[in-house]
Participant: 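Got a structure for you, questions after.
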Amino acid sequence: MSEKRRGLTALAVAVSLGTAAPGRGADPSPSVRPGTVVRWPGPGIEWCELGARRFEPLDGACYFPVDLLRKAGPLELARGRSGRKETAAVRVGKFDYPIQKLTLPRHMVELSPEDLERVDRENREMARLWTREGPRRFSLPLGRPLDPLPAGGRFGHRRVINGSPRSPHGGADYSVDAGTPVLAAADGTAAMVADQFFGGHAVFVDHGDGLLTMYMHLLRVDVREGASVRRGERVGAVGSTGRATGPHLHFGARWHGARVDPALLLGKPEAIPAIE
């Protein structure tokens with residue numbers, strides 16, 4: 001079996017032709033952070049594959065999203081070129097995001113049975129969106145959801161609310177004045193418009209190719225569910241609805257079902273960790 005050596009930023013990764021695993025002499029798999037995206041460029045790519053999902057390359061590269069909550073361990077990436085399958089192995093590292101401590105009113109943390117039922121229902125409604133696929137309607141980088149886009153983020157921060165550990169932060173937060181226009185990051189369809197317990201007034205936009213962006217805590221929504229939206233079109237206004245301590249935009253991204261840092265998709269594709 002022939003092998004090619006390629007790099008992931010400054011690290012090496014073995015690429016195999018066919019379905020067999022690399023031999024003992026192969027370099028150890030490089031480590032990638034949960035919540036990131038791995039880019040694997042090359043000429044003549046026909047398809048990309050991650051787990052049970054197969055999708056088309058984008059601008060001459062495969063993009064593999066790594067879920068924020070994916071457990072540490074090996075992850076196999078695959079692509080097709082010239083009728084042959086190529087695989088590369090990376091290793092998902094340990095969850096190493098900072099801890100964010102918050103203090104919130106008890107009624108926003110200690111949920112009543114009615115609120116728990118509501119949250120469960122809303123989670124099921126969102127889960128149906130993560131399996132959507134369709135023709136791609138976006139390019140990278142995505143458009144900024146705020147103009148100008150202030151400093152912000154805290155993606156992945158492990159939250160401790162009123163002293164109790166909670167789920168890590170699955171999006172990026174941007175604090176701006178209430179009423180600031182919120183803009184669609186790319187062309188797409190408003191797959192869901194909702195008023196949620198945690199997210200408040202929220203818009204979920206399906207951009208095709210398994211990519212969805214979400215805009216939460218809105219003061220108001222300016223698009224109807226099912227409507228087509230254009231990149232840069234106003235979908236709402238910044239607010240503090242839902243579980244929020246002040247006006248800000250929660251901007252999130254799911255790609256092929258994986259929670260990823262949206263800041264990676266707002267920057268130049270060349271800055272995304274790449275197998276080269």
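Scope of the values below: all heavy atoms of this structure, side chains included, with no hydrogens, waters or symmetry mates.
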Participant: Is Arg259 close enough and on-axis enough to Phe155, meaning under 6.0 Å and within 45°, for cation-pi?
Facilitator: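 Output no; distance or angle outside limits.
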Participant: If the condition is salt bridge (Lys or Arg N to Asp or Glu O under 4.0 Å), which residues does Arg70 pass it with, not counting sequence neighbours?
Facilitator: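 Once residues adjacent in sequence are excluded, Arg70 has no partner under the salt bridge (Lys or Arg N to Asp or Glu O under 4.0 Å) criterion.
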Participant: By the rule that ILVMFWY residues connect when side-chain heavy atoms come within less than 4.5 angstrom, directly or transitively, which residues belong alongside Val160?
Facilitator: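 Grouped by the 4.5 Å side-chain rule, Ile99 form the rest of the cluster around Val160.
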Participant: Taking all non-hydrogen atoms of both residues into account, name the closest pair between Val221 and His201 and its distance.
Facilitator: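 Shortest heavy-atom contact: CG2-CB, 4.1 Å.
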Participant: In Å, rounded to the nearest 0.5 Å, how long is the span from CZ of Phe204 to CD of Glu225?
Facilitator: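 Phe204 CZ to Glu225 CD: 10.0 Å, rounded to 0.5 Å.
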Participant: Starting from Ile45, walk the hydrophobic network (Ile, Leu, Val, Met, Phe, Trp, Tyr; side-chain heavy atoms closer than 4.5 Å) and list everyone else you reach, by chain and number.
Facilitator: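 The other cluster members (ILVMFWY side chains, heavy atoms under 4.5 Å, direct or chained): none.
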Participant: Would you find a donor on one side and an acceptor on the other, under 3.5 Å apart, between the side chain of Arg231 and the backbone of Gly188?
Facilitator: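 No; zero donor-acceptor contacts below 3.5 Å.
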Participant: Quick one: do Thr180 and Leu249 satisfy side chain to side chain contact (heavy atoms under 4.5 Å, CB included)? Show the steps, please.
Facilitator: CA-CA 9 Å; Thr180 300; Leu249 172 66; over 6 Å; no
Participant: Does the Arg154 side chain pair with the main chain of His157, one donor and one acceptor, at a distance under 3.5 Å?
Facilitator: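 Side chain of Arg154 to backbone of His157, a donor-acceptor pair under 3.5 Å: no, none is there.
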Participant: Between Met216 and Trp255, is there a shared hydrophobic cluster once you connect ILVMFWY residues whose side-chain heavy atoms come closer than 4.5 Å?
Facilitator: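 No, Met216 does not connect to Trp255 through the hydrophobic network.
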Participant: Hey, does Tyr63 have a side-chain heavy atom less than 4.5 Å from the side chain of Val38?
Facilitator: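 Side chain of Val38 against side chain of Tyr63, heavy atoms only: no contact under 4.5 Å found.
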Participant: If you define the side chain from C-beta out and look only at heavy atoms, does anything of Met126 sit under 4.5 Å from Gln196?
Facilitator: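 Contact flag for Met126/Gln196 side chains = yes.
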Participant: Quick one: side chain to side chain donor-acceptor pair (under 3.5 Å) partners of Arg220, sequence neighbours excluded?
Facilitator: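 Result, side chain to side chain donor-acceptor pair (under 3.5 Å) vs Arg220: Asp222.
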Participant: Salt bridge (Lys or Arg N to Asp or Glu O under 4.0 Å) with Glu233: which residues, sequence neighbours excluded?
Facilitator: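 If we apply the salt bridge (Lys or Arg N to Asp or Glu O under 4.0 Å) test to Glu233, skipping adjacent residues, there are no hits.
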Participant: Hey, what do you get for CZ (Arg91) to NZ (Lys94), rounding to the nearest 0.5 Å?
Facilitator: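 One gets 9.5 Å once the value is rounded to the nearest 0.5 Å.
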Participant: Taking side chain to side chain donor-acceptor pair (under 3.5 Å) as the test, write out the residues that go with His217, two or more places apart.
Facilitator: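 Partners of His217 under the side chain to side chain donor-acceptor pair (under 3.5 Å) test: none.
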Participant: Transitively linked via ILVMFWY side-chain contacts under 4.5 Å: Val37 with Phe138?
Facilitator: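 Hydrophobic grouping puts Val37 with Phe138.
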Participant: Donor-acceptor pair, distance only, cut-off 3.5 Å: does the side chain of Glu46 make one with the backbone of Ser82?
Facilitator: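 A pair under 3.5 Å: yes.
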Participant: Using side-chain heavy atoms (C-beta onward) and a distance below 4.5 Å, is Leu142 in contact with Thr213?
Facilitator: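 Sidechains of Thr213 and Leu142: in contact.
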Participant: For Ala184 versus Arg230, what's the shortest heavy-atom pair and its separation?
Facilitator: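 That would be CB-O, 3.5 Å.
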Participant: Just so I know, are the side chains of Val66 and Val260 near enough to count as touching, which here means a heavy-atom distance under 4.5 Å?
Facilitator: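 Val66 vs Val260: side chains apart.
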Participant: Would you check, one step at a time, whether the test side chain to side chain contact (heavy atoms under 4.5 Å, CB included) holds for His169 with His250?
Facilitator: CA-CA 10 Å; His169 191 219; His250 173 101; 3.2 Å; yes
Participant: Do Tyr215 and Leu183 have side chains that approach each other closer than 4.5 Å (heavy atoms only, starting at C-beta)?
Facilitator: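 No; the side chains remain at least 4.5 Å from each other.
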Participant: Working to the nearest 0.5 angstrom, can you tell me the gap between His256 NE2 and Cys48 SG?
Facilitator: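 Reported value, rounded in 0.5 Å steps: 8.0 Å.
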Participant: Applying a strict under-4.5 Å side-chain criterion to I, L, V, M, F, W and Y, I'd like to know whether Leu218 and Val205 cluster together.
Facilitator: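 Per the 4.5 Å side-chain linkage, Leu218 and Val205 are co-clustered.
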Participant: By salt bridge (Lys or Arg N to Asp or Glu O under 4.0 Å), which residues pair with Arg136, not counting sequence neighbours?
Facilitator: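 Only Asp209 meet the salt bridge (Lys or Arg N to Asp or Glu O under 4.0 Å) criterion with Arg136.
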Participant: What distance separates Leu75 CG from Ser31 OG, expressed to the nearest 0.5 Å?
Facilitator: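 Leu75 CG to Ser31 OG: 11.0 Å, rounded to 0.5 Å.
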Participant: Please assess Arg224 against Val193 for the test side chain to side chain contact (heavy atoms under 4.5 Å, CB included), listing each intermediate value before the final yes or no.
Facilitator: CA-CA 7 Å; Arg224 61 177 178 80; Val193 173; over 6 Å; no
Participant: Ignoring hydrogens, what is the shortest heavy-atom contact between Tyr174 and Gly153? Give both atom names and the distance.
Facilitator: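 Scanning both residues completely, I find the closest heavy atoms to be CE2-N, 4.3 Å.
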Participant: Could you tell me which residues satisfy side chain to side chain donor-acceptor pair (under 3.5 Å) with Arg54, sequence neighbours excluded, listed by chain and number?
Facilitator: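 In terms of side chain to side chain donor-acceptor pair (under 3.5 Å), with neighbours along the sequence ignored, Arg54 is linked to Glu49.
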Participant: Check each of Val182, Thr189, Val203 against Val223 using the side chain to side chain contact (heavy atoms under 4.5 Å, CB included) test, and report the only one that passes.
Facilitator: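 Of Val182, Thr189, Val203, side chain to side chain contact (heavy atoms under 4.5 Å, CB included) with Val223 is met by Val203 alone.
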Participant: Under the rule for side chain to side chain donor-acceptor pair (under 3.5 Å), what residues qualify as partners of Arg118, not counting sequence neighbours?
Facilitator: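 Side chain to side chain donor-acceptor pair (under 3.5 Å) list for Arg118, sorted by chain: Glu122.
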Participant: Consider only side-chain N and O atoms of His248 and Ser240, and report whether a donor and an acceptor are under 3.5 Å apart.
Facilitator: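 Distance-only check fails for His248 and Ser240.
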Participant: Verify the cluster assignment for Met214 and Leu264: are they in a single hydrophobic cluster under the rule of side-chain heavy atoms below 4.5 Å apart?
Facilitator: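 No, no single cluster joins them.
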Participant: Are Pro141 and Leu265 side-chain neighbours, meaning at least one heavy-atom pair lies under 4.5 Å?
Facilitator: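 No, too far: nothing below the 4.5 Å cut-off.
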Participant: Would you call Pro65 and Leu50 a side-chain contact if the rule is heavy atoms closer than 4.5 Å?
Facilitator: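 Counting from C-beta outward, Pro65 and Leu50 do come under 4.5 Å.
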Participant: Is there a side-chain contact between Val90 and Leu77 in this structure, where contact means two heavy atoms from C-beta onward sitting under 4.5 Å apart?
Facilitator: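 They are in side-chain contact.
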Participant: Just checking Glu117: does its CD atom have more than 12 heavy atoms from other residues, nucleotides or ligands closer to it than 6.0 angstrom?
Facilitator: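 Not buried by this count: 12 neighbours or fewer within 6.0 Å.
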Participant: Looking only at non-hydrogen atoms, find the nearest pair between Gly156 and Leu68 and report the distance.
Facilitator: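 Closest heavy-atom pair between Gly156 and Leu68: CA-CD1, 4.0 Å.
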Participant: Around atom CG of Asp177, are there more than 12 heavy atoms from other residues, nucleotides or ligands closer than 6.0 Å?
Facilitator: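 Open: at most 12 neighbouring heavy atoms sit under 6.0 Å from CG of Asp177.
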Participant: For the pair Phe64 and Trp40, name the ring-plane relationship: parallel under 30°, tilted 30 to 60°, perpendicular over 60°.
Facilitator: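 Judged by the thresholds at 30° and 60°, the geometry between Phe64 and Trp40 is tilted.
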Participant: For Asn162 and Thr103, work out which heavy atoms get closest and say how close.
Facilitator: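 Heavy atoms only, the tightest pair is OD1-CA, 3.1 Å.
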Participant: Identify, with sequence neighbours excluded, every residue that meets salt bridge (Lys or Arg N to Asp or Glu O under 4.0 Å) alongside Arg53.
Facilitator: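 So Arg53 forms a salt bridge (Lys or Arg N to Asp or Glu O under 4.0 Å) with Glu133.
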Participant: With Glu270, which residues qualify under side-chain contact (heavy atoms from CB on, under 4.5 Å), at least two apart?
Facilitator: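 With neighbours one apart ignored, the set is Arg39, Lys268.
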Participant: List, by chain and number, the other hydrophobic cluster members for Phe198, where Ile, Leu, Val, Met, Phe, Trp and Tyr join if side-chain heavy atoms come within less than 4.5 Å, directly or indirectly.
Facilitator: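 Joined to Phe198, directly or through intermediates: Leu111, Leu116, Val119, Phe197.
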Participant: Rounded to the nearest 0.5 Å, how far apart are CH2 of Trp47 and CZ of Arg81?
Facilitator: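 If we round to the nearest 0.5 Å, Trp47:CH2 and Arg81:CZ are 11.5 Å apart.
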Participant: Rounded to the nearest 0.5 Å, how far does CG of Leu58 lie from OG of Ser139?
Facilitator: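 CG of Leu58 is found 7.5 Å from OG of Ser139.
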Participant: Among Arg132, Arg128, Arg137, which residue satisfies the salt bridge (Lys or Arg N to Asp or Glu O under 4.0 Å) criterion with Asp206?
Facilitator: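 Among Arg132, Arg128, Arg137, the one that satisfies the salt bridge (Lys or Arg N to Asp or Glu O under 4.0 Å) with Asp206 is Arg132.
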Participant: Over all heavy atoms of both residues, which pair between Ala72 and Gly93 is shortest? Give the atoms and the distance, please.
Facilitator: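 The answer is CB-O, 3.7 Å.
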Participant: Here's a test for you: under side chain to side chain contact (heavy atoms under 4.5 Å, CB included), which of Leu146, Leu266, Asp173 qualifies with Phe251?
Facilitator: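 Only match with Phe251 under side chain to side chain contact (heavy atoms under 4.5 Å, CB included): Leu266.
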